Amino acid sequence: MTEKVLILGAGYAGTVVANKLAREFRREIARGDLNVTILDKDDMNINQGGFTFLPFGLYSPEDLKRPRKEVISPRINCVFGENGEITGADLENRKVQVKSGDTFSYDYLVIATGSTTDISNIPGLSEDYNTFYTSMDDAFKLKEKIENFEQGRIAISVAQMPVSCPGATVKFAVMLNDYIKFMKTEEMCKNIQISFFWPMEPIGPPEFNKVATKVFEDDNIEINRNFKLAEVDSKNKEIVSQNGDREKYDLLITTPPHKSPQPIIDSGLTDETGWIPVDKFTLQYRGPAGNHDEVYVAGDSGPSSVIKSGIGAHYQSLVVSHNLINDIHGHGTKVSYMGEVGCPYIGAMPTPFTKGQAYIPSWSYGAPPESFEPTRLGWYIYRMYYYIHWDAGLKALF
């Protein structure tokens with residue numbers, strides 16, 4: 001009898017799990033003893049982390065996308081389009097429904113559906129929505145607006161937590177400041193103010209907050225903490241916080257609210273926070289649909305308590321892979337996810353006036369990041385990652 005592993009989502013986490021299983025069980029798959037299927041509505045893999053750089057010309061679209069069948073092992077059964085677009089999941093009966101009407105059964109399930117943006121959650125946001133977060137098209141539209149901006153206040157707002165890769169907006173603010181100093185006239189620079197609106201008091205863990213705060217202060221980027229976006233008044237060019245504070249802007253750049261994909265919510269898999277609860281160590285499902293040892297969650301779909309980032313997805317996908325390998329072999333042992341996560345930080349973008357500087361701080365449960373400073377070497381390492389991402393990261397080679 002063939003055992004079935006079903007993976008929902010062919011983003012970073014789902015692809016890593018698939019490739020890890022394909023290597024470990026190549027003989028079992030060839031014999032027909034194991035089937036690994038991955039579902040996704042899109043057949044193109046997009047490295048969303050690179051969107052932050054697109055408005056500044058640091059990557060091209062070709063750097064950030066690959067056909068999924070080029071990065072997923074041919075041993076994996078890939079289903080894309082309507083046959084891969086999930087509409088519901090029934091954990092009790094071990095079945096997943098897709099848009100075409102077909103259903104997929106499984107012995108083991110990996111939920112790696114990621115998160116999605118929810119613009120409608122903020123009244124008025126759709127009327128003045130500028131972002132680099134959601135697509136390459138949006139990033140290039142924002143690039144054009146930045147190029148044509150000559151004076152006034154640029155408000156960079158992170159609407160609320162949690163969001164995917166919360167540090168991306170911090171990096172963007174630093175690069176935008178360097179870009180303006182390089183690309184605009186001296187008179188224009190004097191007439192442009194960047195204001196950063198953050199929904200919490202600290203900008204990340206203590207050491208991350210310390211470095212970010214210093215760089216913002218040195219660059220004269222205004223910091224507005226505890227500003228949870230509640231409304232956008234596009235007519236009067238104002239953003240409104242949940243406390244009723246109103247702030248003027250001339251160009252609004254927003255990191256929108258995020259949520260679990262709607263089919264996951266509609267299937268009753270999320271908790272009161274709207275995210276999928278798991279055992280924090282094994283990453284097995286523990287939620288309103290019951291406790292299911294055969295169901296694992298990896299990546300941004302997971303609980304709100306774990307920061308959603310590419311580095312987190314990397315470590316979670318490796319843990320899920322190893323635990324599935326042990327389950328299928330019948331070893332009965334578990335590898336623990338220790339909360340490994342990280343958030344690359346940029347201290348400066350390379351221009352004729354500045355040297356690129358970056359650092360990739362990481363931390364885990366109970367172990368916050370240590371003191372750090374962005375360096376020039378860190379910038380090159382960070383930039384290099386976006387190229388090795390395709391042939392090393394996604395293929396689970398490190």
Side-chain angles (χ1 to χ4, degrees), residues 9 11 40-42 44 46-52 54-55 64 85-87 99 113-146 149 153-173 176 195-200 224 226-266 270 272-276 299-302 304 307-310:
D40 203 292
K41 64 180 180 180
D42 296 319
M44 187 68 70
I46 306 292
N47 186 353
Q48 185 180 353
F51 293 176
T52 316
L54 288 177
L64 303 179
E85 184 173 351
I86 306 148
T87 57
K99 189 175 182 179
T113 48
S115 62
T116 185
T117 55
D118 186 13
I119 300 170
S120 63
N121 188 264
I122 305 293
L125 179 56
S126 62
E127 298 168 13
D128 197 355
Y129 183 56
N130 308 292
T131 189
F132 60 89
Y133 243 81
T134 45
S135 70
M136 284 192 263
D137 285 344
D138 285 339
F140 282 115
K141 288 176 184 176
L142 179 57
K143 173 181 171 61
E144 184 177 351
K145 291 196 173 186
I146 292 170
F149 192 81
R153 189 187 198 192
I154 301 176
I156 302 175
S157 169
V158 178
Q160 60 191 42
M161 291 294 183
V163 298
S164 177
C165 192
T169 311
V170 180
K171 293 178 282 190
F172 180 86
L176 176 61
S195 297
F196 187 78
F197 294 87
W198 187 253
M200 304 168 69
N224 298 270
N226 297 308
F227 194 99
K228 296 179 181 179
L229 186 62
E231 179 186 350
V232 175
D233 182 350
S234 59
K235 182 179 179 180
N236 295 306
K237 293 284 187 179
E238 290 181 334
I239 52 175
V240 186
S241 76
Q242 292 181 7
N243 295 328
D245 297 327
R246 306 180 76 92
E247 294 282 349
K248 287 281 190 182
Y249 69 85
D250 296 287
L251 173 61
L252 175 63
I253 301 172
T254 309
T255 298
H258 284 58
K259 68 175 185 177
S260 295
Q262 198 61 44
I264 298 297
I265 296 173
D266 293 343
T270 56
E272 64 281 357
T273 69
W275 301 95
I276 305 176
D300 290 356
S301 315
S304 58
I307 291 177
K308 302 177 186 303
S309 75

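Everything quoted here is computed from the prediction, not taken from an experiment.
For the 3.5 Å distance criterion, the side chains of Asp118 and Ser120 qualify, holding a donor opposite an acceptor. Using modelled atom types and a 3.5 Å distance limit, the side chains of Tyr249 and Asp128 yield a donor-acceptor pair. In the model, Lys145 has a side-chain atom that pairs as donor or acceptor with a side-chain atom of Asn130 under 3.5 Å.
The shortest side-chain heavy-atom distance between Ser157 and Leu252 falls under the 4.5 Å cut-off. Between Ile122 and Gln160 there is a side-chain heavy-atom pair separated by less than 4.5 Å. Annotation: side chain of Lys308 is not in contact with side chain of Val163 (no heavy-atom distance under 4.5 Å).
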Give the C-alpha distance, both sets of side-chain angles, the deciding distance and a yes or no for side-chain hydrogen bond (donor to acceptor under 3.5 Å, both in side chains) between Thr113 and Ser301.
CA-CA 6 Å; Thr113 48; Ser301 315; 3.1 Å; yes

Evaluate the criterion ring-ring contact (aromatic ring centres under 6.0 Å, His included) for residue pair Phe172 and Phe132; output intermediate values, then yes/no.
CA-CA 9 Å; Phe172 180 86; Phe132 60 89; 4.5 Å; yes

Apply side chain to side chain contact (heavy atoms under 4.5 Å, CB included) to residues Phe51 and Asp138 and explain how you reach the verdict.
CA-CA 9 Å; Phe51 293 176; Asp138 285 339; over 6 Å; no

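For the atom pair OG1 of Thr254 and CD1 of Ile239, the computed distance is 7.5 Å after rounding to the nearest 0.5 Å. The OG atom of Ser135 sits 9.5 Å away from the CG atom of Leu54 when rounded to the nearest 0.5 Å. Remark: Ile276 CD1 to Ser115 OG distance equals 10.5 Å, nearest 0.5 Å. Going from atom CD1 of Ile253 over to atom CD1 of Ile146 covers 4.5 Å, rounded to the nearest 0.5 Å.
Seen from the ring of Trp198, Lys228 does not count as a face-on cation partner, given the 6.0 Å and 45° thresholds.
Among all heavy-atom pairs drawn from Asp300 and Ser164, the shortest one is OD2-OG, 2.7 Å. For Phe197 against Ala155, the heavy-atom pair with the smallest separation is CE1-CB, 3.7 Å.
Counting non-hydrogen atoms of neighbouring residues, nucleotides and ligands closer than 6.0 angstrom, the NZ atom of Lys248 exceeds 12 such neighbours.
The pair Arg153-Glu247 counts as a salt bridge, with a side-chain nitrogen and a carboxylate oxygen less than 4.0 angstrom apart.
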